[in-house]
Structures are given as structure tokens and as C-alpha cells.
> 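One structure, pasted below without further comment.
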Number of protein chains: 2
Amino acid sequence: MFSKACEYGIKATIYIALKSYQGQRVSLKDIASEINSPEAFTAKILQKLSRDHVINSIKGATGGFEIEKDRISSIKLSQIVNAIDGDEIYKGCGLGLATCNEHHPCPMHGKFIGVREELRYMLETTNLEELALGIKSGLTYLKV
Amino acid sequence: MFSKACEYGIKATIYIALKSYQGQRVSLKDIASEINSPEAFTAKILQKLSRDHVINSIKGATGGFEIEKDRISSIKLSQIVNAIDGDEIYKGCGLGLATCNEHHPCPMHGKFIGVREELRYMLETTNLEELALGIKSGLTYLKV
DNA sequence: TCTAATTCGGATAATTTTATCCTATTTAAT
DNA sequence: ATTAAATAGGATAAAATTATCCGAATTAGA
């Protein structure tokens, strides 16, 4: 469904949100260990999310990654997915046709539109805060 | 969402079903041209579908690919996807956790379960006949 | 029997995705 | 200033996916 990079990106952002919520800044090493991802690869993904202003990166000795507390609840899953995988997955044709719409639908169009719409809605309405809260309360997990 | 191989596989199977429905057997060349896919790569995918008994392949001079008419309505999209991409996409965790269930959910689990379930249901209930019929009636398209 | 049309399948190549390595740069603290 | 800890980013490598090439095998029909 999502690329590995996107999976890492989502998990990393949730973890950063959780820690930011608690007033803590987190290092790459910490993130990679917490979400069980390869460090250098995760670094590239965080750079991308930082350039896209989903997260903030702070260089230097006490540097790391964080998100302003008051932005956490307004950041949607779709922004993360978009920054890494683009929007093809929740806006594009299921069979990869360049143009697929009501006037020129692929064979799956009518069947797929509900799935895609539900995915789009889920990604565009789910915010970081609710995801981080699940981790905080020990109800959900980022690894294993 | 689906791999390129899977997209080709679905389109190819729909086209084979359409022609089989009309009592015609189709060649690889015909298929590749009709769904706009690379011939040799499509051949590998058709081999896989053939080994999985989704389609039949006939060797030799007047050979090609076909599906028994009376099986067309009973073949589900999920069988094609399964043969090529496996079932991870509609059964696995959205964040790639090896174990993700109600007792040990990933942060997205509760949000993702609806999407995944709708995708699973769509794939498991949509049959080849309805997809081929759309093409036959000129309402849907396999390319452009 | 021969030929032509076809699928099969092994080998290889190209491209994309995933992953690693290493140096430069930044910054807080001593 | 110096040092240590951290991110940035270019170069490269490994693995997976997508794509191509070509000879072997099969089969209908002349």
C-alpha cells in the first residue's frame, strides 16, 4: 500500500509528535531505534519531511527533530503521505491509467472509487494528535 | 497501490475474459497491444496467472490464452491480485508491522481497518464477468 | 516432414526503491 | 578556541521491480 519510506515516515512523525507533546526534542538515533528502522535511510526521510515543513529539524549539539505543540493536531496523515509517496495512491486510478474518470473510466473505476474515497477521507481527516495519543496511552504500538 | 505487474495482470485477464466470452483465444501480442504493456514482461505475468490456474495457456501455432466461459463469473479480482502481489495489501498492516491486530494494534490500525476491509470486500466480491462486460459494452476502457 | 506461429523459461539489463557510508556543517558546552 | 554531538547531503551499494533478449519447446497446418 504505502512505500517502506512512507511507513517509516509516518511512524517517525508520530513518535516525534508524541515527544514534542511532552516538550522533548528527539534525535535520529532515538527515532530509528523507537520505530525499528535503518538510521541513515530514516535520516533521508526526515529531511524530506523537514523540507516539506511537516516536522522541524534543529542542527547542532542539542539538535534533533520536533513539531510545535500547537501544530500537532492540525497535521493530517495525508500531508505525510503526500510528502513521501505523493497523492497517486489516494487520488489516482487503481489500474494506473493516466486519465480515468466518469467520462473515461477503467474497468475497476466504479468498484474502486469507494475504496479510494475512504482512503482519501481517512488520510485527510486523521491528525497526528490522535495517533500520538494512542501510543502515549499504551493502546497502540510503533513496532514488533 | 498495486504493483505494475498486478495492474498489467488485471487488465490482461479482463481482456482474455472478454475474448473468451466471445469464443476467441488471444495471443500475447494481442493482449500487450490491447492493454498497452511491454510484451515480454506481460508474458511473465501471464505465465504466473496460468500456473495459478486463473487463465489457461495453450502452446503452439494457434495457441494463446483463454478462460473457460463458465469460470469467468466465478473468478474474483482477489485471485488475480493474490497470484501476483499476494494478500498483504488487503490483509496486512498499513504500517507494515508483522503483527498488528486488536491486541497489538499499530497507531493507524483503527483508522485503517475500514479501508482495508472495503478493499478486501471489493476484491473478493468483484468478478471477471462484470469487469469484462464494461469493456464489451464500451462503457469502460483498458488504456489511454 | 517442414514451416510458421506461438508460449516457455533462462539470462541479462535497466530502473526504482531501499539502505549504507562518509565528510561537511552546525551548535551547545567546556 | 576546542570539543563533542547532532543534522545535511553527496556518493555509493544492495535489493527489488520492471523490462528485454533469445533459444527451446510445442503445435496446427501446408
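All values reported here derive from a predicted model rather than from experimental measurement.
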> Categorize A:G60 for me: base, sugar-phosphate, or nothing, with a 4.0 angstrom heavy-atom threshold over every strand shown.
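The residue A:G60 makes base contact.
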
> Which nucleotide sits closest to the side chain of B:A40: C:dA19, D:dC21, C:dT7?
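The nucleotide sitting nearest to the side chain is D:dC21.
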
> Need one value for A:I58: base, sugar-phosphate or nothing, where a base atom within 4.0 Å counts as base even if backbone is also close, heavy atoms only.
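Sugar-phosphate, no base atom in range.
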
> Ignoring the backbone of B:A5, work out which of D:dT26, D:dT18, C:dA28 is nearest its side chain.
D:dT18

> Measuring to OP1 and OP2 of D:dG9, would you say a side-chain N or O of A:Q47 lies under 4.0 angstrom away?
yes

> Counting only side-chain N and O atoms of A:Y8, is one of them less than 4.0 Å from OP1 or OP2 of C:dA19?
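Checking A:Y8 against C:dA19: at least one side-chain N or O falls below 4.0 Å of OP1 or OP2.
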
> Please pick, from D:dA8, D:dA19, D:dT27, the nucleotide with the shortest atom-to-atom distance to any side-chain atom of B:A61.
D:dT27

> Of the listed nucleotides (D:dA8, D:dA19, C:dT7), which one gets closest to any side-chain atom of A:F65?
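Among D:dA8, D:dA19, C:dT7, the one nearest the side chain of A:F65 is D:dA8.
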
> Starting from C1' on D:dA19, measure out to CG on B:N36 and report it in whole angstrom.
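Result: 14 Å.
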
> Let me know the distance between NZ of A:K29 and P of C:dT20, rounded to the nearest Å.
15 Å

> Identify whether any heavy atom of B:R25 sits under 4.0 Å from a base atom; if not, whether one sits that close to sugar-phosphate; answer base, sugar-phosphate or nothing.
nothing

> Assign A:K44 to base, sugar-phosphate, or nothing according to its heavy-atom contacts below 4.0 angstrom with the strands shown.
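Answer is base: heavy atoms of A:K44 come under 4.0 Å of a base.
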
> Does OP1 or OP2 of C:dA5 have a side-chain N or O of B:T62 closer than 4.0 Å?
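No, because none of the side-chain N or O atoms of B:T62 sits under 4.0 Å from OP1 or OP2 of C:dA5.
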
> Go through D:dA19, C:dA19, C:dA4 for me and flag the one nearest to the B:F41 side chain.
D:dA19

> Nearest-Å distance, CG (B:L28) to C1' (C:dA5)?
12 Å

> How long is the span from the OG atom in A:S57 to the CG atom in A:L28, to the nearest 0.5 Å?
11.0 Å

> Check this one for me: any side-chain N or O of B:R51 less than 4.0 Å away from OP1 or OP2 of C:dT7?
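False: B:R51 side-chain N/O out of range (4.0 Å or more) of C:dT7 OP1/OP2.
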
> How close or far is atom P of C:dT18 from atom CG of A:D85, stated in whole angstroms?
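It is 8 Å, rounded to the nearest whole Å.
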
> Using the side chain to side chain contact (heavy atoms under 4.5 Å, CB included) rule, pick out the option among B:L46, B:V54, B:I72, B:N56 that qualifies with B:I16.
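In the set B:L46, B:V54, B:I72, B:N56, the residue that makes a side chain to side chain contact (heavy atoms under 4.5 Å, CB included) with B:I16 is B:L46.
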
> Can you check the B:K4 NZ to C:dT16 P distance for me, whole Å?
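These atoms are roughly 11 Å apart.
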
> Check the distance between C:dT27's C1' and A:E66's CD and give it to me in whole angstrom.
14 Å

> Do B:E66 and B:R25 sit within salt-bridge range, that is, some charged N less than 4.0 Å from a carboxylate O?
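Answer for the salt bridge query: yes.
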
> Establish, from distance only, whether the side-chain atoms of A:N127 and A:S73 form a donor-acceptor pair under 3.5 Å.
no

> State the CD1-CZ distance between A:I89 and A:R116, to the nearest 0.5 angstrom.
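These two atoms lie 11.5 Å from each other.
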
> How many whole angstroms separate atom NZ of A:K48 from atom P of D:dG10?
13 Å

> Output the rounded distance in Å from NZ (B:K59) to P (D:dA28).
12 Å

> With DNA chain C as reference, determine whether A:F2 or B:A43 sits nearer its 5' end, using the nearest nucleotide of each.
B:A43

> One thing to verify: whether B:K11 and B:E34 come together as a salt bridge, which I'm taking to mean a side-chain N less than 4.0 angstrom from a carboxylate O.
no

